[in-house]
Structure formats: C-alpha cells, structure tokens
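Right, one structure below, let's go through it.
When a ligand or atom number is given, it counts from 1 through the structure's own listing order.
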Amino acid sequence: MNHFQPRRGQLHAERIPLAALARDHGTPLYVYSTATLTRHWKVLGASLRGLDALVCYAVKANSNLAVLATFARLGAGFDIVSGGELFRVLKAGGRPGQVVFSGVGKRDDELAFALDAGVGTINVESAGELARLSAVARRLKVRAPIALRVNPDVDPKTHPYIATGLRESKFGVPVAEARRLYHQAVRDPHLDVRGVACHIGSQITSLRPFIDAVGRVRALATDLARAGIRLRHLDVGGGLGVTYHHEAPPSPAAYGAAITKALAGWDGEVHLEPGRVLVGNAGILLTRVLQLKKSGRKTFVVVDAAMNDLVRPAFYDAWHDIEPVVTPAKGARAVTCDVVGPVCESGDFLARNRKLVLPAEGDLLCVRTAGAYGFTMASNYNSRPRAAEVLVDGDRALLARERETYTDLIRGEALPPPARKPFRRRRG
Ligand SMILES: *Cc1c(COP(=O)(O)O)cnc(C)c1O
C-alpha cells in the first residue's frame, strides 16, 4: 500500500499531482509520502503489540532530516552505522537513548561521539572493537552500553551484496566467540552489557531465515543466563523485503507475528532495526525524458535521472517499476526499451528490456519504490548535482532538501598555488 496513485489520469503524491511537483522543484526529484511512512510504521508497531519492543528505524535506508523527524515524532528509535548518521538523528529530534549504533568499523571519535551523546546501545562486532570501546569509555569516564552482534550463520537467500549473516561475511562475531566475549565484557568496569544483536541481510522475502536467526540468538541468551549473564534485550535486526517486481515478501504484520512467536517466553525487551520496509515504497524518483534514441534494433529512452541518483539497478541489477506520470490512452502499444541516464557508463540504466508505452520527449516518468537506498546512495559522479527531495503530506509539499548547485559540487575543494618560477642556481 502506498499513496502514489493515479487520479483523473495523472499520478499523484497523496493529493498533489507529480507534474506540479516537477514544475515547482525540477527533475530528477525524489518524492516521499508522509501518509505512507506513517502507515508502515503503524502496521509494524501493531504487529508487535505482544512484545516489549523498540523499533529502531535504520537510518541508512533514507536519512533525510524530514523523514527522520517524521519517525522521531512517531516515537521511533534509530539504528545508525556512522557518526554522521548520529548527527542527523540528533538534528531531527531523535532521542539518543533509543539509538543503536551498528557497524563493523567504528572509529574512536565515532565511539566517543556516541558515548557523549548517550546512545542506548553500541552493537560491537569484534574482539578488537570491544577493547577499543572499553578504552574510549575509560577515557570519557563512562560505562559503554553494549550488545554483541553475533553472526548466526543463516542464509537469507538475498542478493550476495546484502547478505550479512553468513559465516564468511565481515559482520558480527561467531556465536562461540561471542560467548567468550560476554564473559570478558561483564568483568570490564567500562562496559555495561545490555543485550545481543543480529542482522542477517536485506530484502529478505521469507520468514524462515529470521526465525532461524532469532532462534540461535535466543539460545545464546539462554546459555548466558545459565552462566549468570542476564541480557535485557534481544535485537533481531532489520532486513524485511519489499515488492519491487514479483517478490512476495511476508507482510509486516506476518513478520511481526513470526518474531512474536519466535520470542514467546522471552521476558526482556526486543529491538528491531527495519529500514527498507518502512521507506521503500514511500518514495518515488521523478524523472523527465530528455531524448528518444534508436540504435540498431534497440530503443533507448534517455532520462534526466541516472545511476548517480539511483544506483540500485546498476549495482544490484535491481528492478524498479517505471510508469508514465500521465496515464497513457487505453490500448496504447507498449514497446521494449532501455531507460537510461546521461552518465558515461554502459551500466547506467534504470531499466533494461522494459515494456513501456513509448513516452515523448519532455514526458515525466515515475520510478517506483525508490524511497529506500535511493537518495542515500546517490553520488556526484559525472559532476552531477544531487537531486532535490520533497516530503508530501496531504496537499502540502515540503522541500526537504534543495537541489545541489554547481557551487555545492566544488565546496571544500582547493586550487593548487600558482606555479612557482623554475628554480635557478645563482652563479657565484
Ligand atoms: C542496513 C541495516 C539494517 C536495515 O536493513 P533493511 O534491509 O533496510 O531493513 C538494519 N540493521 C543493520 C545493522 C543494518 O546494517
């Protein structure tokens, strides 16, 4: 369910025609829907009613301040993976006590920033990081609240780039090592052992891997309790998939019910770190057709959005539905074409061999389900200023991020000093 639907022959974002947003803000343009964000949040929350749950939205999926503030106002916690994300969460009004800091490579200054801000939990991913965090906490004269992120060694059956819970992945620590590290951590006066965490991957479309992972993590918590180490929370990570094409992931309600069942009898808190499922179809990328081009048998629709704006097709060979903003006439014939951007890479495409009613130059296209890992993965490749972002709420549109300018492109860069005169030895 999402609030990007046709009305009177034109796609709208809630009550605003996409064409009006393109006119006011230009293209390429990311558009997010408050009603969709709010709905997803509520559906997931309702499915967890049986648990003492804290839902920590995974900031890296979409870190726009207006999106973060929308979740903060709904009572969300946040899952962060960098100091920069913590900075954003604080700016957006997130409560630091409900922040979980994950990630396999945290710098000392990021750990110090997190401790200073008072984050709720730091998910530690290695023995070395545990030692380093202890040293940082000692220096700051605080106790670091920690969970260990364990690697439950389950196959999430997703794209290899986003599978994170396999034995050979760089993330987390194996269960046996985690057990040893817990015994070490509880004796460390600078560490406050709070919980255990896992996160097995992203765009997961079946319940089985989640249930297996939760089972393994829970078994570890039970073992530790027997050894006198009682954990307050169990963090099940994120990773629930969305529908881009033909996938049929479990609904948030079914997912919540499965987690609740897998944790029956667990009397501690439960933390969740969903990203994609909350924001994926709450965002679209609006782009304008620059050019139609025929090359041999192929038809190219050249648009003004490119891989620097939305890298998922190029990076993961991902599918995004593409629709004309103005509904085509009934019976209009679809042709097979590639929708490509202006970047100088053959990998720069939004869709390949796609059946579309051939648009005209100047037409607007809507690239769906671009709210997650869309703008956050955007770059300035080819010196393309990054797109603007708009957050719609009913009939109001907030320019949530201005389009970058050429001046933004070179901010912080420097020219080398003027060439020095060639050095000449003085004769003497
Ligand atoms: C990316 C990430 C998430 C969110 O994953 P989604 O697939 O977007 O739900 C949660 N936790 C951690 C540690 C992550 O790295």
Would a distance-only check, ignoring hydrogens and angles, find a side-chain to backbone donor-acceptor pair under 3.5 Å from [X] to [Y]?
X	Y	value
Asp363	Val289	no
Asn123	Phe101	no
Glu247	His245	yes

Considering heavy atoms of the protein only, find what lies nearest to [atom] and give residue, atom and distance to 0.1 Å.
atom	value
atom 8 (O) of ligand 1	Tyr373 OH, 2.6 Å
atom 2 (C) of ligand 1	Lys60 NZ, 2.3 Å
atom 11 (N) of ligand 1	Glu273 OE1, 2.6 Å

Please confirm whether Asp79 comes under 4.0 Å of ligand 1, counting heavy atoms of the residue only.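 Contact check Asp79 vs ligand 1: positive.
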
Measure the distances from the heavy atoms of Gly239 to every atom of ligand 1 and state whether one is below 4.0 angstrom.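 Gly239 counts as a contact of ligand 1 under the 4.0 Å cut-off.
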
Identify which one of Pro274, Pro250, Ser202 satisfies the side chain to side chain contact (heavy atoms under 4.5 Å, CB included) criterion when paired with Leu240.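 The residue from Pro274, Pro250, Ser202 that satisfies side chain to side chain contact (heavy atoms under 4.5 Å, CB included) with Leu240 turns out to be Pro250.
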
Can you tell which of Leu115, Val100, Val99 makes a side chain to side chain contact (heavy atoms under 4.5 Å, CB included) with Ile122?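 Exactly one pass, corresponding to Leu115.
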
Using a strict 4.0 Å cut-off to heavy atoms of [X], name the atoms of ligand 1 that fall inside it.
X	value
Arg276	6 (P), 8 (O), 9 (O)
Pro274	9 (O)
Gly238	9 (O), 10 (C)
Ser102	13 (C)
Arg149	13 (C)

Just go through Glu125, His199, Gln203 and tell me whose heavy atom is the nearest to atom 5 (O) of ligand 1.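 Looking at heavy atoms only, His199 sits closest to atom 5 (O) of ligand 1.
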
For the 3.5 Å polar cut-off, considering only N or O atoms, please tell me whether Gly275 and ligand 1 meet it.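 It does: an N or O of Gly275 is found under 3.5 Å from an N or O of ligand 1.
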
Beyond-backbone contact of Leu51 with Ile259, side-chain heavy atoms, under 4.5 angstrom: yes

Do Leu391 and Asn64 have side chains that approach each other closer than 4.5 Å (heavy atoms only, starting at C-beta)? no

Glu125: which of Lys106, Lys170, Arg149 passes salt bridge (Lys or Arg N to Asp or Glu O under 4.0 Å): Arg149

Start with the C-alpha distance between Arg386 and Asp408, add both sets of side-chain angles, then the distance that settles salt bridge (charged side-chain N to carboxylate O under 4.0 Å, His left out), and finish with yes or no. CA-CA 9 Å; Arg386 280 179 298 174; Asp408 293 328; over 6 Å; no

For ligand 1, indicate whether the residue Ser202 contacts it via side chain, backbone, both or neither (heavy-atom separation under 4.0 Å). both

